[in-house]
Amino acid sequence: MIVFGGTFDPIHFGHLAAARHVSKLLGDATVVLMPAPMPQLRQPPEASFEHRWQMSLLASKLDDHLVASRFEDTSEGPTRTIETLQALATKSKCTTVWVLGSDAFRNIANWYDAEKLPEVASLFVLTRPQVEQLGSSTTFEQVTNAHRLLDGPGSFYVSRTKMPDISATVIRHRLRNGLDVSEMIPQEIREHIMQNGLYQS
């Protein structure tokens, strides 16, 4: 199972490009978009979980290789990745590959029960091509072939393919100021945002 978790506040073309890239490198695998209800180590999302779930669902309908899941919505209290991964491991016999950005990977040692992560998942790290050394205090083993992530938990792969430079923070700022975001988010997502008055002043 390939899981791309995040706040998706809102989900945008950068997220979709990253998910498609991961899918392609892993043999056109299905990528699960999983919005986090109460993420830690960052500011709380501006949109409610329900709206972020609806936007993720709309985004998943734009590509046959994407599906949306509200799996973490069943969790009580703060969203903790290790608990999600442990729950996924009990429900599926296949390896879980968790997709994350290089910034999150650098900070992974600060995640709740981070030392247990290699026991239940492998990591697909998205980063910029010019980044030569990420560094990590985890016990994940780096692999140079993305398909190795599917062999079992405990490894990580770093993609050097440049992703679109799109920021959800910038999108929210532009929406609050009535500026165009058509090149940043799909039309279906824009319509949901406008119909529900999200990210407005």
Side-chain angles (χ1 to χ4, degrees), residues 2-22 31-63 66 68-73 75 77-81 84 98-112 114 123-131 134-136 158-201:
I2 321 301
V3 182
F4 188 3
T7 53
F8 301 140
D9 191 29
I11 197 164
H12 52 65
F13 282 131
H15 294 130
L16 299 184
R20 289 166 183 153
H21 172 65
V22 173
V31 176
V32 179
L33 302 172
M34 189 178 292
M38 297 175 60
Q40 303 300 291
L41 303 178
R42 63 181 303 158
Q43 293 294 320
E46 289 191 24
S48 68
F49 174 81
E50 196 60 36
H51 280 304
R52 291 183 291 115
W53 153 250
Q54 290 294 335
M55 289 187 283
S56 299
L57 187 60
L58 288 169
S60 72
K61 294 178 180 179
L62 302 175
D63 192 309
L66 303 179
S69 170
R70 55 189 304 157
F71 185 82
E72 288 192 315
D73 191 30
S75 304
T79 307
R80 290 170 172 157
T81 303
T84 297
W98 190 263
V99 182
L100 73 167
S102 55
D103 290 346
F105 182 73
R106 290 191 192 95
N107 195 41
I108 200 169
N110 295 322
W111 292 15
Y112 183 82
L123 306 178
F124 191 113
V125 183
L126 298 161
T127 187
R128 297 192 177 104
Q130 63 267 30
V131 178
L134 286 174
S136 173
V158 179
S159 171
R160 303 296 182 183
T161 301
K162 187 176 182 179
M163 294 292 106
D165 187 14
I166 302 175
S167 163
T169 301
V170 171
I171 291 172
R172 295 193 300 269
H173 174 77
R174 293 184 67 85
L175 287 167
R176 277 194 291 270
N177 289 277
L179 301 176
D180 180 49
V181 294
S182 59
E183 295 185 358
M184 299 179 174
I185 53 179
Q187 179 180 346
E188 293 83 353
I189 309 301
R190 297 199 308 274
E191 291 175 353
H192 181 89
I193 290 171
M194 297 308 173
Q195 289 171 1
N196 292 279
L198 305 180
Y199 313 118
Q200 302 302 302
S201 307

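Being a predicted model, the structure only gives us computed values, none of them experimental. For this chain, numbers begin at 1 and follow the sequence in order.
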Nearest-0.5 Å distance, CD of residue Gln54 to NE2 of residue His192: 6.0 Å
Could you tell me if the side chain of Leu100 sits less than 4.5 Å from the side chain of Leu126, heavy atoms only? no
Give me the atom names and distance for the closest heavy-atom approach of Ala19 to Leu66. CB-CD2, 3.5 Å
Considering only heavy atoms from C-beta outward, does the side chain of Leu62 approach that of Pro186 to under 4.5 Å? yes
Which atom pair, heavy atoms only, marks the closest approach of Ile185 to Arg190? O-NH1, 2.9 Å
Measuring only between side-chain heavy atoms, which start at C-beta, is Asp73 closer than 4.5 Å to Trp53? no
Do Glu50 and Arg70 touch side chain to side chain, with heavy atoms closer than 4.5 Å? yes
Would you call Ile11 and Leu58 a side-chain contact if the rule is heavy atoms closer than 4.5 Å? no
Once the angle between the rings of His15 and His12 is folded into 0 to 90°, is it parallel (under 30°), tilted (30 to 60°) or perpendicular (over 60°)? parallel
Taking side chain as C-beta onward, heavy atoms only, is Met194 less than 4.5 Å from Leu175? yes
Any Arg174 side-chain heavy atom under 4.5 Å of Met184 side chain: yes
Measure the OG1-CH2 distance between Thr81 and Trp111 for me, rounded to the nearest 0.5 Å. 4.5 Å
Straight-line distance of Phe4 CZ to Ser69 OG, nearest 0.5 Å: 14.5 Å
Might you point out which heavy atoms bring Ser60 and Ala68 nearest each other, and give the distance in Å? CB-N, 3.7 Å
Residue pair Leu123 / Ile108, side-chain heavy-atom distance below 4.5 Å: yes
Can you see which heavy atom on His173 is nearest to which on Asn177, and at what distance? O-ND2, 2.7 Å
CA sep, side-chain torsions, deciding dist, call: Val32, Phe71, side chain to side chain contact (heavy atoms under 4.5 Å, CB included): CA-CA 10 Å; Val32 179; Phe71 185 82; over 6 Å; no
Spatial distance of atom CD (Glu191) from atom CD (Gln187) [nearest 0.5 Å]: 4.5 Å
Minimum-distance pair of heavy atoms, taken over all atoms of Glu72 and Pro37: O-CG, 3.4 Å
Worked verdict on Ile2 versus Val22 for side chain to side chain contact (heavy atoms under 4.5 Å, CB included): CA-CA 8 Å; Ile2 321 301; Val22 173; 3.7 Å; yes
Supply the atom-to-atom distance Arg52 CZ to Leu198 CG, rounded to the nearest 0.5 angstrom. 11.0 Å
Side chain to side chain contact (heavy atoms under 4.5 Å, CB included) with Met55: which of Ile193, Asn196, Leu33? Ile193
Give the minimum heavy-atom separation between Asp9 and Ala47, together with the two atoms involved. OD1-N, 3.1 Å
Roughly how far, to the nearest 0.5 Å, is NE2 of His21 from NZ of Lys162? 14.0 Å
